[in-house]
Amino acid sequence: MKTKNQYINNNYLNYVKSVAPKTNEVRSLLRAFWVGGFICCLGQFFRIIIENNFELPPDMTAGYVSMIMIFLGSFLTGLGVYDRIGKYAGGGSIVPITGFANSVVSPAIEFKTEGYIYGVASKMFTIAGPIIVYGVASSVLVGLIYYIYYLVV
Amino acid sequence: MRTLFYKNKPSIIMTSTVAGPKESEGSLGKFYDVKLSDDKYGEKSFEKAESKMLYTAIDNCINKSKKDISKIDSIISGDLLDQITSSTFAVRNFNTGFLGVYNACASFCESLSIGATMIDGGYMQNVICATSSHFSSAERQYRFPLELGSTRPPLAQWTVTGAGACMLSNSKSNPKIVCSTVGKIVDFGVTDANDMGAAMAPAGAETISTHFKETGLKPNDYDLIVSGDLGTFGSRILKDLLYEKGFDIEKQHVDCGELIYNISESEYQGGSGAGCSSLVFCSYLFDKLKKKELKRILLVATGALLSSTSSMQGESIPGIAHAVSVEC
């Protein structure tokens, strides 16, 4: 049996690459920049309001801001608006915490038809799962480096 | 020889279609029998809706032909979902034989050629060939959740929500199936699951050139050469590949995926899916053949034979195409 590599027809693949329509990178970057920036400004706006009106320690303030942004992301996903924003903005709406909320809520909505245990609960983290796993793993790694650095220096 | 010549020329006596909301707004909207305004078709899930669409298409086809179900020898059907459940769940309501076929988006031509062979050989009198697909159920199986805010790459296609069924019979009326060419699996090593057009076009070109070689026909002998769902980009590759092999199909070629939508930003390259070729053939093309505005067409449905697992394991995407020649 032939393996995959023996099927590769480089002439054809190069030809396909040369005629394929390209993504307009400048347009994508500009859209991601202004939408992503707007979401961050929104977060900052809530932060300033909380800081001015409630006397909370800084880490608590950060927690409340995240909660508000996660709520907004989930709410807009439920209304069916966030995927439209995502289609327009690309990375601009995926990277902020609202995008993370979207990646958890969207499979939860989608797999409700398979039941609450094997559908909603188990499929909820199909997209967010890898982010959590590698997020935790890399924070442990950075923590270790930090610890060893101060032990030595 | 991969081309089957039918001596008794099985005829296509009746067709029926069910189209989703987006398809009904498209350029062929007025040719569909049932136009849905709700893509869940009153069901709880998209899979159930797809099955109901296929059921409705087959049921309407039988009712319109005024034949009793006992006269239908078999239903040959396929779709894109795992274990072709849309077809099996739809056909369990009919008291007749069932043959399930899967060749991804080429399933419709596969079912037509099997059905025509059964009738030509005298084994069966009336056969129904049908396929369906649904944007949301396919998206659930192959890609990301619907509400996820991701962008579609420029080569992406839009899976057609629709079902088409047609009845083949030995009644010697028009239009009829003259011959069909069985496809060969062709793999040029395309791995991008969003670039189905490029993965399927070599198979399409292989089948069409084999068809011309074995029948001795030329592109000019056909009024239309209709590819299934290559999309705008895949169609261009198909024409280029065939031109290299010495067949110029520029004038005759149309693509069902290109016809089905008024191409706007979000569909990019056009429609795809098992329902794409059946929806276009059973509505628009059948209508034109019936009115004799088209004399002879070659329907070449192409399919990308991948699964969500195979593309995750880095496998390339093999393509296949079956051709069916229809005359009136």
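All values below come from the heavy atoms of this structure, side chains included, with hydrogens, waters and symmetry mates left out. Values in this document were obtained by computation on a predicted structure and should not be read as measured data. Every chain is numbered from 1 and lettered A, B, ... according to where its sequence line falls, protein lines coming before strand lines.
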A/Thr113 and B/Arg140: CA distance, side-chain angles, deciding distance, side-chain contact (heavy atoms from CB on, under 4.5 Å) verdict:
CA-CA 12 Å; A/Thr113 46; B/Arg140 255 163 78 90; 3.5 Å; yes
NZ/A/Lys17 to CG/B/Asp195 distance, rounded to the nearest 0.5 angstrom?
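Output value for this atom pair is 11.5 Å.
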Let me confirm one number: the OG-CD distance from B/Ser45 to A/Glu110, rounded to the nearest 0.5 Å.
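Going from the OG atom of B/Ser45 to the CD atom of A/Glu110 covers 11.0 Å.
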Over all atoms of both residues, closest heavy-atom pair of A/Tyr12 and B/Val190
CE2-CG2, 3.9 Å
To check you understand the geometry: which heavy-atom pair defines the closest contact between B/Pro154 and A/Pro21, and what is its length?
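Closest pair (atom of B/Pro154, atom of A/Pro21, distance): CG-O, 3.9 Å.
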Within residues 84-93 of chain B, contacts to chain A at heavy-atom distances under 4.5 Å involve none
For chain A, which residues of residues 196-206 of chain B have heavy atoms nearer than 4.5 angstrom:
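Answer by number: B/Ala198, B/Ala201, B/Pro202.
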In plain terms, say whether A/Arg84 and B/Glu147 are close enough for a salt bridge, that is, a side-chain N and a carboxylate O under 4.0 Å apart.
no
Is [X] in contact with chain B via its backbone, its side chain, both, or neither, using a 4.5 Å heavy-atom distance?
X       : answer
A/Ile94 : side chain
A/Tyr15 : side chain
A/Lys22 : backbone

Among the options A/Thr77, A/Asn10, A/Leu13, pick out the one with the most heavy-atom pairs lying under 4.5 Å from chain B.
A/Leu13
Looking at A/Gly80, A/Gly90, A/Ser93, which one has more heavy-atom pairs under 4.5 Å with chain B than the rest?
A/Gly80
Just so I know, are the side chains of A/Tyr88 and B/Thr151 near enough to count as touching, which here means a heavy-atom distance under 4.5 Å?
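No, every pair of side-chain atoms sits at 4.5 Å or beyond.
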Side-chain touch A/Lys123/B/Pro145, heavy atoms, less than 4.5 angstrom:
no
Within 6.0 Å of [atom1] in [X], more than 12 heavy atoms from elsewhere:
X        : atom1 : answer
B/Tyr142 : OH    : yes
A/Leu79  : CG    : yes
B/Lys184 : NZ    : no

Give, as side chain, backbone, both or neither, the part of B/Phe188 having an atom under 4.5 angstrom from any heavy atom of chain A.
both
Which atoms of B/Leu155 come close to chain A, meaning under 4.5 Å heavy atom to heavy atom: side chain ones, backbone ones, both, or neither?
side chain
In residues 125-153 of chain A, which residues are in contact with chain B at a heavy-atom separation under 4.5 Å?
A/Ile127
Please list, in residue-number order, every residue in residues 32-69 of chain A that has a heavy atom less than 4.5 Å from any heavy atom of chain B; write 'none' if there are none.
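So no residue qualifies.
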Any idea which of B/Lys44, B/Lys48, B/Arg236 has the most non-hydrogen atom pairs under 4.5 angstrom with chain A?
B/Arg236
Would A/Ser103 and B/Leu148 satisfy side-chain contact (heavy atoms from CB on, under 4.5 Å), going step by step from the backbone distance to the final call?
CA-CA 6 Å; A/Ser103 74; B/Leu148 185 73; 3.9 Å; yes
